[in-house]
2 protein chains.
Amino acid sequence: MSAVTTEGILRGSRLSVTASRRRILDLFLEKDIALSHQDIEAVTSGSFDRVTVYRTLQTFLEKGLIHTVPSSDNVVRYALCKDACAEGHHHDDHVHFVCDSCGATTCIDEVSIPPIRLPGGYRVRQIGMVVNGTCGRCG
Amino acid sequence: MSAVTTEGILRGSRLSVTASRRRILDLFLEKDIALSHQDIEAVTSGSFDRVTVYRTLQTFLEKGLIHTVPSSDNVVRYALCKDACAEGHHHDDHVHFVCDSCGATTCIDEVSIPPIRLPGGYRVRQIGMVVNGTCGRCG
DNA sequence: ACGATATTGCAACAAAGTTGCAGAACAAAG
DNA sequence: CTTTGTTCTGCAACTTTGTTGCAATATCGT
Ligand SMILES: [Mn+2]
Ligand SMILES: [Mn+2]
Ligand SMILES: [Zn+2]
Ligand SMILES: [Zn+2]
């Protein structure tokens, strides 16, 4: 089974292959950075209805194909999940990097988030880490 | 100089004391958790115009009285800065905790964010950490 | 108490996100 | 390849969220 192609990935998540899903998934695969709804709209500019983009992202989220990236502005960004993620179980314990210069948000899968001890009472379930700075291209 | 009272804090930041500023700052002081624009609207319900709340939050941000808290939803939340923060220089290197049960977002000032090493090329300027789990009240 | 200045509320607008529904596209079966 | 049940898309209408200009009002130093 070819899970490496766009169609393969969609079929692997039991999703029917449609133009918008193919296009949006392709975008994530080729850009390899986190994308906001707006980013996608800008690139596909009118190819699909705004609502379709919202619904496609929602579907990808539910199927575990993408995950949201925490941020300090009010913009929700989505990034491709790696193989470890599935419909129920997300494997999102890696660092996210936001470049102050080019604005790109990247998943740094190589670096895992250090454990942390909180004062009594708090029970930790998941930790998210967002690093700001300059990326290799902009440094 | 009494910087411990609401008025004292406002005057300390060279802000004129108005009803909305007093009320909103009071909210932050008494709740001691991060508040969204919507949270504030809900509590003050019609006392102030929506625009005034936006502008008040913006002013507090600029004066270094509050800071934004990173999140995974699209909601911007604000939390009181501690004394270390000032108009120019923010001192925001602490952990933020989001309770899955009650939804409260809290600044954990006691725990500072551990340093991290990124692969070559990346230059780190600031690190944000958001921990999800259950808080003491809900645990 | 007065007057310069800063702040507020209103209205109008722009952007972002949601929902219901009819028609089109898809996948499976024949 | 065609049929057929089901899913997906686009449209329209709407809600929510955030922004801007401006006149009226409140604040603060004198
Ligand atoms: Mn990621
Ligand atoms: Mn904080
Ligand atoms: Zn960059
Ligand atoms: Zn709680």
Side-chain angles (χ1 to χ4, degrees), chain A residues 1-3 5-27 34-63 65-66 68-69 71-78 87 103, chain B residues 1-2 5-27 34-63 65-66 68-78 87 103:
Chain A
M1 198 253 284
S2 53
T5 71
T6 308
E7 295 203 3
I9 295 174
L10 289 173
R11 291 235 156 77
S13 294
R14 296 181 311 285
L15 288 173
S16 49
V17 178
T18 69
S20 55
R21 286 175 183 170
R22 202 181 344 225
R23 186 71 211 289
I24 293 175
L25 182 51
D26 267 342
L27 269 182
L35 301 173
S36 65
H37 169 92
Q38 198 175 229
D39 292 336
I40 295 170
E41 283 264 293
V43 175
T44 62
S45 67
S47 305
F48 312 107
D49 193 86
R50 225 157 43 86
V51 179
T52 300
V53 177
Y54 280 117
R55 288 198 271 225
T56 301
L57 289 171
Q58 190 56 40
T59 302
F60 284 2
L61 254 190
E62 286 163 3
K63 291 294 183 177
L65 287 177
I66 59 179
T68 59
V69 179
S71 75
S72 289
D73 51 16
N74 52 350
V75 181
V76 186
R77 265 170 271 266
Y78 305 88
E87 187 153 351
Chain B
M1 198 254 285
S2 54
T5 71
T6 309
E7 294 203 4
I9 295 174
L10 289 173
R11 292 235 156 77
S13 293
R14 296 182 310 286
L15 288 173
S16 48
V17 178
T18 68
S20 54
R21 286 176 183 170
R22 202 180 343 225
R23 185 72 212 287
I24 294 176
L25 182 51
D26 268 341
L27 269 181
L35 300 173
S36 65
H37 170 92
Q38 198 175 230
D39 293 336
I40 294 170
E41 283 264 294
V43 175
T44 62
S45 68
S47 305
F48 313 106
D49 193 85
R50 225 156 42 86
V51 179
T52 301
V53 176
Y54 279 118
R55 288 198 272 225
T56 301
L57 289 171
Q58 189 56 40
T59 302
F60 285 1
L61 255 190
E62 287 163 1
K63 290 295 183 176
L65 287 177
I66 59 179
T68 60
V69 179
S71 75
S72 287
D73 51 16
N74 52 351
V75 181
V76 185
R77 265 170 271 265
Y78 305 88
E87 188 154 351

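Numbers restart at 1 for each chain; the letters A, B, ... are given by sequence-line order, proteins then strands.
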Seminar exercise, completed: Overall bend of the helix from C/dA1-D/dT30 to C/dG30-D/dC1 (five pairs an end, 10° steps) is 40°
For this session: Applying side chain to side chain donor-acceptor pair (under 3.5 Å), name anything that partners A/Arg77, two or more places apart in sequence or on another chain.
Result: A/Asp73
Exercise. Got a second to check how far A/Leu25's CG is from A/Arg23's CZ, nearest 0.5 Å?
Worked result: 11.5 Å
Problem set entry | B/His37 NE2 - D/dT16 C1' separation (whole Å) | 10 Å
Seminar exercise, completed: Sequence neighbours excluded, the answer for side-chain contact (heavy atoms from CB on, under 4.5 Å) partners of B/Gln58 is B/Leu61, B/Glu62
Exercise. Closest heavy-atom contact between B/Val69 and B/Ala34?
Worked result: CG2-CB, 4.1 Å
Can you give the donor-acceptor pairs under 3.5 Å from side chains of residues 42-50 of chain B to other protein atoms, not counting sequence neighbours?
unit_1, atom_1, unit_2, atom_2, d
B/Thr44, OG1, B/Ile40, O, 2.9
B/Ser47, OG, B/Thr44, O, 2.6
B/Asp49, OD2, B/Val51, N, 2.9

For this session: Walking along DNA chain C from 5' to 3', note the first and the last nucleotide with an atom under 4.0 Å from a heavy atom of chain A, and give both.
Result: C/dA16 to C/dA27
Exercise. If you pin B/Asn74 and A/Thr52 to their nearest nucleotides in DNA chain D, which one's is more 5'?
Worked result: A/Thr52
Seminar exercise, completed: So CD1 of B/Ile66 and OG1 of B/Thr59: to nearest 0.5 Å the spacing works out to 9.0 Å
For this session: Not counting sequence neighbours, which residues clear side-chain contact (heavy atoms from CB on, under 4.5 Å) with B/Asp26? List them please.
Result: B/Thr6, B/Arg22, B/Leu29
For this session: Round to a whole Å and report the spacing from CZ of A/Arg23 to P of D/dG10.
Result: 13 Å
Problem set entry | Those residues that, when tested against A/Thr56, pass side-chain contact (heavy atoms from CB on, under 4.5 Å) (two or more places apart) | A/Ser20, A/Arg21, A/Ile24, A/Thr52, A/Phe60
Exercise. By side chain to side chain donor-acceptor pair (under 3.5 Å), which residues pair with A/Ser36, not counting sequence neighbours?
Worked result: A/Asp39
Problem set entry | Any residue of residues 40-48 of chain B with a heavy atom less than 4.0 Å from an atom of DNA chain D | none
Exercise. How long is the gap from OG1 on A/Thr18 to CG on A/Leu10, to the nearest 0.5 Å?
Worked result: 7.5 Å
For this session: Just call it for B/Thr59: base, sugar-phosphate, or nothing, with non-hydrogen atoms closer than 4.0 Å on any strand.
Result: nothing
For this session: Any chance you could list the contact pattern along nucleotides 19-30 of chain D? Use B for base contacts, S for sugar-phosphate-only contacts and - for none, protein heavy atoms under 4.0 Å, 5' to 3'.
Result: BBB-----SS--
Exercise. Got a sec, which residues hit salt bridge (charged side-chain N to carboxylate O under 4.0 Å, His left out) with B/Arg55, two or more places apart in sequence or on another chain?
Worked result: none
Problem set entry | Side-chain N or O of B/Gln38 closer than 4.0 Å to phosphate OP1/OP2 of D/dT17 | yes
Exercise. Whole-Å distance between D/dT16 C1' and B/Asp73 CG?
Worked result: 15 Å
Exercise. In terms of the nearest nucleotide of DNA chain D, which residue is placed more toward the 5' end: B/Val75 or A/Asp49?
Worked result: A/Asp49
Exercise. Do the non-hydrogen side-chain atoms of A/Leu57 and A/His37 ever get within less than 4.5 Å of each other?
Worked result: yes
